**Q** 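Here it is: the structure, laid out below.
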Amino acid sequence: MSTEEKPAAAPRSLAEALRGRDDAELAALLRSRPDLVTPVPTDLTQLATRAGTRASVVRALDRLDLFTLQTAQALAVAADPAPYDELLGLLAGDEGDRAVSAALPGAVRTLREQALVWGDDDRLRLVRTARELLSPSPQHPSPTGLGPTVREATAGMSPGRIQEIVTTVGLPSTHDSVSAVAALTGLFTDRERMAELLAEVPFESLEVLERLVWGPPYGQVTADPATRLRRLLDRGLLLPTAPGTVVLPREVALHLRGGRAHRTVEPVPPPVGAAATHPPQVVDATAAGQAYTALATVEELLKDWDEGGPAVLRSGGLSLRDLKRTAVALDVTEPVAAFWVELAYAAGLLASDGEADERYAATPAYDTWRERPAAERWTTLAAAWLTATRTPGLVGGRDAKDHTLSALGPGLDRSAAPEVRRRVLTLLAGLPEGAAPDAGSVSERLRWERPLRATGGAAGSGSGSTGSGSGSGDDLRSRLARWTLTEAEMLGVTGRGALSAHGRALLGMPAPAPKAHAERTDRSPEPTGPGDRLPVHHRPAVPPPDSPAPPSPLLTALTPAEQAAASAAAARLLAPQLPEPLDHVLLQADLTAVAPGPLQRPLADMLGVLADVESKGGATVYRFTPGSVRRALDAGRAATDLHAFLAAHSRTPVPQPLTYLIDDVARRHGHLRVGAASAYVRCDDDAMLNEILADKRAAGLGLRRLAPTVLAAQADPAGLLEGLRQMGFAPAAESAEGDVLITRTDARRTPPRAAPEPVPEGPPVPDDTLLAAAIRAVRAGDLASTAPRKAKAGEADAGAGSGELPRTGSAETLATVQAAVLTGESLWIGYVNAEGAASQRVIAPVRVEGGFVTAYDHTADEVRTYPLHRITGVAELADDEN
């Protein structure tokens, strides 16, 4: 009988189960558990060992959805191995549940794909580490609320006491404790006989069992238990585990629960409900308006920091006082100001300058960003927000050391943030067009998809039933979901709470099909469960959909090329929705100018220098003041330039008061000159200098006359300029050559700075190229480690490789390799490379010369040359038995 004709034997270990997988299945495993591929395992045995380590198993359990996790928890309290029917009974109960029956194959498939379960359907095995994490124990109660089995609970009990229990329940006595425990277990797992036994127990005793049935299964008793407790102890329905402590055996609890391992089983994810529905056109228009406001807010923020922003704290970040000032300048709350500051930082538009007196300022990338079209500028911000791990919502909170978390400071990275943002927006995309989600239903859905993260604990911790509501109401993922909905609205990804067309494109999604989505949402069945009180009654299960619910997706970020394409598509959809910039303003007689919409870049920049913003909204109001006009003159503009500018860009005549204001400020501008001596003031009008010296407000400047037209000051030039301006004068700064200095408002920029890199959540998901190379290397190493080889004289049949490197002397190695060159046979060798890493290989030697062997390496599928002194030993391969 050939090897191909032999029936496949059931795998005896996880490694054997992995050897039965094809390359596509191995790639799916490594993609879902990327920690297994870093570094690349040498063979499948090492891959199986790594897949069973505690850290890796905890990480894998952490990413399971609720029903798949409940399936693993049920396997942990089932027999080892457990048949599929037993697992189905633990989840569906004695009366069955069609929704569970439909969803269970997918859950088992997911556990198999992630190497948490192996074996055929008649022998399902949970990996040992997962069973240890999920099995009940006094230190770590099972989320199922079940306790130990009869065999485990009676492990320390005296044989005589066990025989007394067996006799009390009507079973024949046995000669040993093992058979007695087996007989008692058989009784407790027999539904009919167990029902007869419970019928003999008074109702007050059953009430005790009712309090323990759903967990925790442990209770306290006195040294002299009450009669109702004594009846239960005599029949083994409660078993002592320690002095004063009793436990409800697992078999008894399962009978009382109707066979269910969980009080509530949720095979179907809870649907995301719609809180309101708006016309899609209204949603897109509202989102576009928010997008434009976002651009204006970021520009206003960085313009305010053009000449050097606030100082960097010694511990890093922005001080609370500076955050408050920023919030006042932007006319927003402090949490909202923190969001805009962090967004500009994540987009690479804002950074620290790295100077000795370190301050925040715009980066050179900001100037490039400002020149791009508005829609492209928005996609830069939105894409940075979508992938950033920094979480502005944490600002103002406390870290593990009870330090306040500050904006732009350390400790704000949360690696789960990008996944939650993308997942929340994906859930919004699943609603009909224009539908705004109910925030509570979004949080419930996220808890179902990642229940262990919702509880904030390690796998296996906690007690009681596991359900969508078992986690904390304020866990990180729920807060991230709430922050995502708020931030998406501020940024313009959503409008009135609903996902916009350009927001959908940003995710790389096609146009929606609203009717289909609505129908699917309406068909979502509600989870059902058994009754809560004894005797156990099952409510009828709601008919499930025709096909099982798909497992929750493992969301991954788009590749750079995919994100670039998605951003371009979003920009194309957003551009027509944004208002066209205007080239004019409306000048008014009260020294104000009204901009009825967004202004073109040159007009907005010049007007921002010449006037101060008085109010913002649908129309922006600018006010002209002596200080703002002086600012324009300091920037190198002449009075004639300002008159011409206003006449060219005003749809109304230039008011006479504004003309007088410009001329008056220009007439006095530069009459005083301030330079560096450390500082001096010079003026052709000595009467004006006398006026300054006589003014009491000048006392702090330390002025003294050097000449009829020159005053010296102890203050620096900047302080002297500011002091004279506060006194009502209009001085101008001059250079050492006596020329007037022109002040540029955009002179402050940091050196080139890259945007902060997101902090990944564990190892990154390998790409297809890395996966193919890793699988090839693992297959090759496994071939070498499991290749059958001939036994040496005096040894038993070597059979398959043991995983240890062969050991032979140098003379024997050389002779064996030379013989293989002549016969054309393949050899199994141990090899240590220059870095000291050992490996096993199967080679077919071609040539031996100069201390090197040239051979075809079956494990690498190529011809290679190996130094003989690095070969630890050789062994001949056994003849292939076909």
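Please read all numbers here as calculations on a predicted model, not as lab measurements. Just so you know, these numbers use all the heavy atoms, side chains as well, and skip hydrogens, waters and symmetry mates.
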**Q** State whether the side chain of H502 and the backbone N or O of G492 hold a donor-acceptor pair below 3.5 Å, judged by distance alone.
**A** yes
**Q** Can you tell me if Q290 uses its side chain to pair, donor with acceptor, with the backbone of E489 under 3.5 Å?
**A**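 Yes, because the side chain of Q290 sits within donor-acceptor range (under 3.5 Å) of the backbone of E489.
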**Q** Just by distance, do the side chain of T379 and the backbone of E376 share a donor-acceptor pair under 3.5 Å?
**A**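 Pair found, side chain donor or acceptor close to backbone of E376.
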**Q** Check whether any side-chain N or O of H403 sits under 3.5 Å from a backbone N or O of D399 as a donor-acceptor pair, and report yes or no.
**A**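 A pair under 3.5 Å: no.
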**Q** Between R377 and E299 (salt bridge meaning N to carboxylate O under 4.0 Å), is one present in this structure?
**A**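 Salt bridge between R377 and E299, a charged N being under 4.0 Å from a carboxylate O: yes.
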**Q** Assess the side chains of D413 and T389: does a donor N or O sit below 3.5 Å from an acceptor N or O?
**A**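 Note: D413 and T389 side chains meet the donor-acceptor criterion.
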**Q** Evaluate the side-chain proximity of T620 to L599: yes if any heavy-atom separation is below 4.5 Å, no if none is.
**A**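 No, too far: nothing below the 4.5 Å cut-off.
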**Q** Which is it for D685 and L689 under the side chain to side chain contact (heavy atoms under 4.5 Å, CB included) test, yes or no, and what are the steps along the way?
**A** CA-CA 7 Å; D685 186 355; L689 295 183; over 6 Å; no
**Q** Give a yes or no on whether the backbone of A287 and the side-chain of R496 come within a donor-acceptor separation of less than 3.5 Å.
**A** no
**Q** Do any N or O atoms from the side chain of N690 and from the backbone of D686 form a donor-acceptor pair under 3.5 angstrom?
**A**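 Answer holds: yes.
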**Q** Between the side chains of T387 and R422, is a donor N or O closer than 3.5 angstrom to an acceptor N or O?
**A**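 R422 and T387 do not have a side-chain donor-acceptor pair below 3.5 Å.
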**Q** Quick one: are L343 and L491 in side-chain contact, heavy atoms under 4.5 Å?
**A**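 Counting from C-beta outward, L343 and L491 do come under 4.5 Å.
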**Q** Side chains of L350 and Y366: does their closest heavy-atom pair fall under 4.5 Å?
**A** no
**Q** Could you tell me whether D284 and R504 make a salt bridge, using a distance below 4.0 angstrom between a side-chain N and a carboxylate O?
**A**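 Salt bridge absent between D284 and R504.
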**Q** So do L318 and L323 actually touch side chain to side chain, heavy atoms under 4.5 Å?
**A**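 Heavy-atom side-chain distance check passes, below 4.5 Å.
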**Q** Identify whether the distance between the nearest side-chain nitrogen and carboxylate oxygen of R667 and D663 falls below 4.0 Å.
**A**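 A salt bridge is absent here (no side-chain N lies under 4.0 Å from a carboxylate O).
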**Q** Tell me if the CZ atom of R398 is crowded by more than 12 foreign heavy atoms within 6.0 Å.
**A**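 More than 12 within 6.0 Å, yes.
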**Q** Roughly how far, to the nearest 0.5 Å, is the CG atom of L661 from the CD atom of Q656?
**A**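 Those atoms lie 12.5 Å apart.
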**Q** Which heavy-atom pair separates L573 from A505 by the least distance, and what is that distance?
**A** CD1-CB, 3.8 Å
**Q** Working to the nearest 0.5 Å, report the span between OG1 of T286 and CD of Q577.
**A** 9.5 Å
**Q** Is there side-chain contact between V585 and L646, with at least one heavy-atom pair below 4.5 Å?
**A** no
**Q** When you check the gap from the basic side-chain N to the acidic O, do R753 and D353 get nearer than 4.0 Å?
**A** no
**Q** I need the minimum non-hydrogen distance between L610 and S628, along with the two atoms involved.
**A** O-OG, 2.8 Å
**Q** Got a salt bridge between D322 and R325, using NZ or NE/NH1/NH2 to carboxylate O under 4.0 Å?
**A** yes
**Q** Any carboxylate oxygen within less than 4.0 angstrom of a Lys/Arg side-chain nitrogen, looking at D695 and R697?
**A** yes
**Q** Closest heavy-atom contact between S500 and V283?
**A**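 What the structure gives for the nearest pair is CA-CG1, 4.1 Å.
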**Q** Minimum heavy-atom separation for A382 and L506, please, with both atom names.
**A**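 So the two residues come closest at CB-CD2, 3.5 Å.
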**Q** Taking the side chain from R359 and the backbone from G309, do they hold a donor-acceptor pair closer than 3.5 Å?
**A** yes
**Q** Given side chains that start at C-beta, do those of T750 and Y360 come closer than 4.5 Å, heavy atoms only?
**A** no
**Q** I need the minimum non-hydrogen distance between L578 and A375, along with the two atoms involved.
**A**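 Shortest heavy-atom contact: CD1-N, 3.8 Å.
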**Q** Should Y622 and T592 be marked as a side chain to side chain contact (heavy atoms under 4.5 Å, CB included) after you check the CA-CA gap, both sets of side-chain angles, and the distance that decides it?
**A** CA-CA 5 Å; Y622 295 85; T592 60; over 6 Å; no
**Q** Which atom pair, heavy atoms only, marks the closest approach of S352 to V312?
**A**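 Looking at all heavy atoms of both residues, the closest pair is CB-CG2, 3.9 Å.
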**Q** Kindly say whether A611 contributes a backbone atom to a donor-acceptor pair with the side chain of R631 at under 3.5 angstrom?
**A**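 Yes, R631 side chain to A611 backbone: donor-acceptor pair under 3.5 Å.
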**Q** Keeping the roles fixed (side chain from S650, backbone from T652), state whether a donor-acceptor pair exists under 3.5 Å.
**A**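 Yes; judged by distance alone, with no hydrogens or angles, the pair exists.
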**Q** Within the 4.5 Å heavy-atom criterion, are V621 and S615 side-chain neighbours or not?
**A** yes
**Q** Test L642 against F645 for side chain to side chain contact (heavy atoms under 4.5 Å, CB included), laying out the working first.
**A** CA-CA 5 Å; L642 300 183; F645 168 79; 5.6 Å; no
**Q** Output the distance between atom CZ (R370) and atom CG (L295), rounded to the nearest 0.5 Å.
**A**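 Between atom CZ of R370 and atom CG of L295 there are 12.0 Å.
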**Q** Please determine whether side-chain hydrogen bond (donor to acceptor under 3.5 Å, both in side chains) holds for the pair R372 and T380, giving the CA-CA distance in whole Å, both sets of side-chain angles, and the decisive distance to 0.1 Å.
**A** CA-CA 10 Å; R372 297 169 60 190; T380 300; 3.0 Å; yes
**Q** Apply side chain to side chain contact (heavy atoms under 4.5 Å, CB included) to residues R749 and D367 and explain how you reach the verdict.
**A** CA-CA 9 Å; R749 289 291 181 267; D367 297 315; 2.8 Å; yes
**Q** Would you indicate whether the side-chain heavy atoms of L607 and F624 approach each other to under 4.5 Å?
**A** yes
**Q** Between the side chain of E342 and the main-chain N/O of A407, is any donor-acceptor distance below 3.5 Å?
**A** no
**Q** With rounding to the nearest 0.5 Å, note down the distance linking CZ in R414 to OG1 in T391.
**A**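 Rounded to the nearest 0.5 Å, the CZ-OG1 separation comes out at 6.0 Å.
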**Q** Under the criterion side chain to side chain contact (heavy atoms under 4.5 Å, CB included), which of L721, V681, I692 is the partner of F729?
**A** I692
**Q** Rounded to the nearest 0.5 Å, what separation is found between the CD atom of E487 and the CG atom of L480?
**A** 9.0 Å
**Q** Looking at CZ of R321 and OG1 of T326, how far apart are the two atoms once the value is rounded to the nearest 0.5 Å?
**A** 11.5 Å
